[in-house]
There are 2 protein chains.
Amino acid sequence: MGAGRGRPRAFDRDAALERAMRVFWERGYEAASLAELTGAMGIRPPSLYAAFGSKEQLFREAVELYGRTEGGVTARALREESTAREAIGAALRGNACAYTEPGSPRGCMVVLSATTCAPEHETVRTLLCDDRRAMERSLRDRIDRGVAEGDVPADTDTRSLAAFYATVLFGLSVQARDGATRDDLLAVAHAAMASWDTLVPHPSVR
Amino acid sequence: MGAGRGRPRAFDRDAALERAMRVFWERGYEAASLAELTGAMGIRPPSLYAAFGSKEQLFREAVELYGRTEGGVTARALREESTAREAIGAALRGNACAYTEPGSPRGCMVVLSATTCAPEHETVRTLLCDDRRAMERSLRDRIDRGVAEGDVPADTDTRSLAAFYATVLFGLSVQARDGATRDDLLAVAHAAMASWDTLVPHPSVR
DNA sequence: CTACTTCTGTATCGATCGCTTCGTAATTAA
DNA sequence: TTAATTACGAAGCGATCGATACAGAAGTAG
């Protein structure tokens with residue numbers, strides 16, 4: 001690492017990875033060809049393989065980067081809002097905005113970039129599936145925290161509630177990719193939050 | 001058609017199309033290779049091209065067939081239930097069951113089989129996108145019918161409501177493909193219907 | 001029968017896939 | 001300077017992609 005011995009790398013690895021992430025996000029894993037990836041990254045195949053190992057390993061790093069940057073919207077909402085209801089609502093609204101950010105591919109990379117694939121790439125689909133499950137899990141954990149802190153009643157079905165809001169998030173990505181506007185998605189988020197008050201009885205004031 | 005002049009076709013065109021539909025449903029458009037398609041259909045490439053024209057035209061026929069069969073669940077629910085609320089609820093529950101039918105690929109072919117693709121297949125993505133828009137439109141039309149028939153108040157935002165339930169349907173396909181059980185999806189459908197009573201004020205009895 | 005038409009299997013087409021070989025450039029260590 | 005090491009660009013690897021050319025088989029028309 002750092003100042004190795006041989007000829008130094010002539011490109012910025014982080015910048016190249018960010019370009020690759022964009023291509024995968026836009027095209028999906030399989031449809032992102034080496035030609036398009038190397039073109040966007042400004043390098044030739046041998047440099048890509050020397051720096052990242054393979055197309056799949058590059059994709060894994062791209063997903064990781066996506067999680068640390070774009071994926072931060074959800075994590076931040078769940079962490080910073082003071083009640084479970086506010087947290088889930090902020091996550092939905094935040095992603096509605098992120099999914100329609102001008103200049104970026106629409107929808108979530110984790111949801112869209114490998115919904116189906118050839119059998120030899122099942123490992124890639126599984127990677128994203130696990131990411132989606134982890135996202136749903138983080139929603140549930142936040143609702144459970146609400147139970148512990150008293151803003152959600154103890155008899156709430158937190159599992160189903162988390163599954164519901166995860167489902168809405170997944171659907172928002174499809175809507176975004178189909179061309180829905182930011183206001184469209186915010187209206188969907190608002191409609192989804194209407195379920196909360198019916199499903200989650202207001203806790204008695206302590 | 002029928003008994004033409006030359007050598008008669010040695011395979012059942014409808015049966016072969018049904019096999020092809022299954023492959024596209026499972027793998028998606030791009031990941032379904034000619035080798036896998038012809039293997040499942042029990043024919044060789046020249047027969048496929050003579051009968052269907054191209055991979056894309058075969059896919060278009062497969063999507064059409066899917067709409068006439070699997071897609072009928074939604075259409076029937078919207079047509080046969082007597083109120084908009086019951087219709088939307090039945091559509092959600094019906095698809096929750098259809099998406100987890102043993103022996104069939106999970107989730108909806110229209111939602112999953114081309115979420116992303118190479119630029120040269122954009123026409124395929126557009127085809128499915130239009131199908132999804134038509135589905136959302138049919139939800140809205142059913143809610144509007146509820147307005148006309150008095151089971152939905154006139155000041156209801158039917159556009160946003162339809163977008164919300166379409167979003168849930170899209171999300172259900174992702175959940176189904178990720179391995180969610182039928183009960184999981186039914187719980188999500190139930191949670192989604194909880195929004196109805198908050199968003200759609202009960203109409204005054206006429 | 002012969003002539004014509006259409007379908008089927010074999011064997012392949014050119015293009016593109018992800019990936020690698022190879023010769024050379026650019027750097028550090030001695 | 002010399003040796004060792006690493007990255008680069010050009011070219012091309014075998015495999016697979018969707019799609020076809022071709023010849024023979026199987027039917028109808030006369």
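A note on names: the letters A, B, ... follow the listed sequences, proteins ahead of strands, and every chain is numbered from 1.
The pair B:Glu136-B:Arg140 fails the salt-bridge criterion, with no side-chain N (NZ, NE, NH1 or NH2) lying under 4.0 Å from an Asp/Glu carboxylate O.
For the pair A:Lys55 and A:Tyr29, the distance from NZ or CZ to the six-membered ring centre is under 6.0 Å and the angle to the ring normal is within 45 degrees.
Close to D:dC8, at under 4.0 Å from its OP1 or OP2, lies a side-chain N or O of A:Ser47.
In this structure, CZ of A:Phe52 is placed 16 Å from P of C:dG18, rounded to the nearest angstrom. Across the protein-nucleic acid pair, B:His121 atom NE2 and C:dT16 atom P stand 12 Å apart, rounded to whole Å. Rounded to a whole Å, the CD atom of A:Glu36 is 14 Å from the C1' atom of C:dT16. Taking atom CZ on B:Arg13 and atom C1' on C:dC7, their separation rounds to 14 Å, with Å as the unit. Counting to the nearest Å, the C1' atom of D:dA21 and the CG atom of B:Leu48 are 17 Å from each other. At whole-Å resolution of the value, CZ in B:Phe11 and C1' in C:dG9 are 13 Å apart. Summarising the geometry, the separation between CG on A:Leu37 and P on C:dC17 is reported as 10 Å, rounded to the nearest angstrom.
Residue pairs meeting the salt bridge (charged side-chain N to carboxylate O under 4.0 Å, His left out) criterion with at least one member in residues 72-84 of chain A: none, sequence neighbours excluded. Pairs of residues two or more places apart, or lying in two chains, that qualify as salt bridge (charged side-chain N to carboxylate O under 4.0 Å, His left out) and include a residue from residues 182-193 of chain B are A:Arg159-B:Asp184, B:Glu101-B:Arg182. Residues in residues 32-53 of chain B take part in these salt bridge (charged side-chain N to carboxylate O under 4.0 Å, His left out) pairs, two or more places apart or across chains: B:Arg27-B:Glu36.
In this structure A:Thr115 satisfies the side-chain contact (heavy atoms from CB on, under 4.5 Å) test together with B:Leu112, B:Thr115, sequence neighbours excluded. Not counting sequence neighbours, the partners of B:Glu122 by the side-chain contact (heavy atoms from CB on, under 4.5 Å) test are B:Cys117, B:Arg125, B:Thr126. Among residues two or more places apart in sequence or in another chain, the salt bridge (charged side-chain N to carboxylate O under 4.0 Å, His left out) test is passed with B:Arg22 by B:Glu18. In terms of the salt bridge (charged side-chain N to carboxylate O under 4.0 Å, His left out) criterion, residue partners of B:Arg133 (sequence neighbours excluded) are, by chain and number, B:Asp130.
Residue contacts for B:Arg44: at a heavy-atom cut-off of 4.0 Å it reaches a base atom on one of the strands shown. Here B:Ala50 lies out of heavy-atom contact (under 4.0 Å) with every strand.
Considering only side-chain atoms of B:Pro8, the nucleotide from C:dA26, C:dT8, D:dA26 that sits closest is D:dA26.
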Output a table of nitrogen or oxygen pairs between the protein and nucleotides 15-19 of chain D separated by less than 3.5 Å.
{"residue": "D:dG18", "atom": "OP1", "partner": "B:Ala32", "partner atom": "O", "Å": "3.4"}
{"residue": "D:dG18", "atom": "OP1", "partner": "B:Lys55", "partner atom": "NZ", "Å": "2.7"}
{"residue": "D:dG18", "atom": "OP2", "partner": "B:Leu34", "partner atom": "N", "Å": "2.8"}
{"residue": "D:dA19", "atom": "OP2", "partner": "B:Tyr49", "partner atom": "OH", "Å": "2.3"}
{"residue": "D:dA19", "atom": "OP2", "partner": "B:Lys55", "partner atom": "N", "Å": "3.1"}
{"residue": "D:dA19", "atom": "O5'", "partner": "B:Tyr49", "partner atom": "OH", "Å": "2.9"}

Collect all protein-nucleotide pairs involving nucleotides 3-5 of chain D in which both atoms are nitrogen or oxygen and the distance is under 3.5 Å.
none

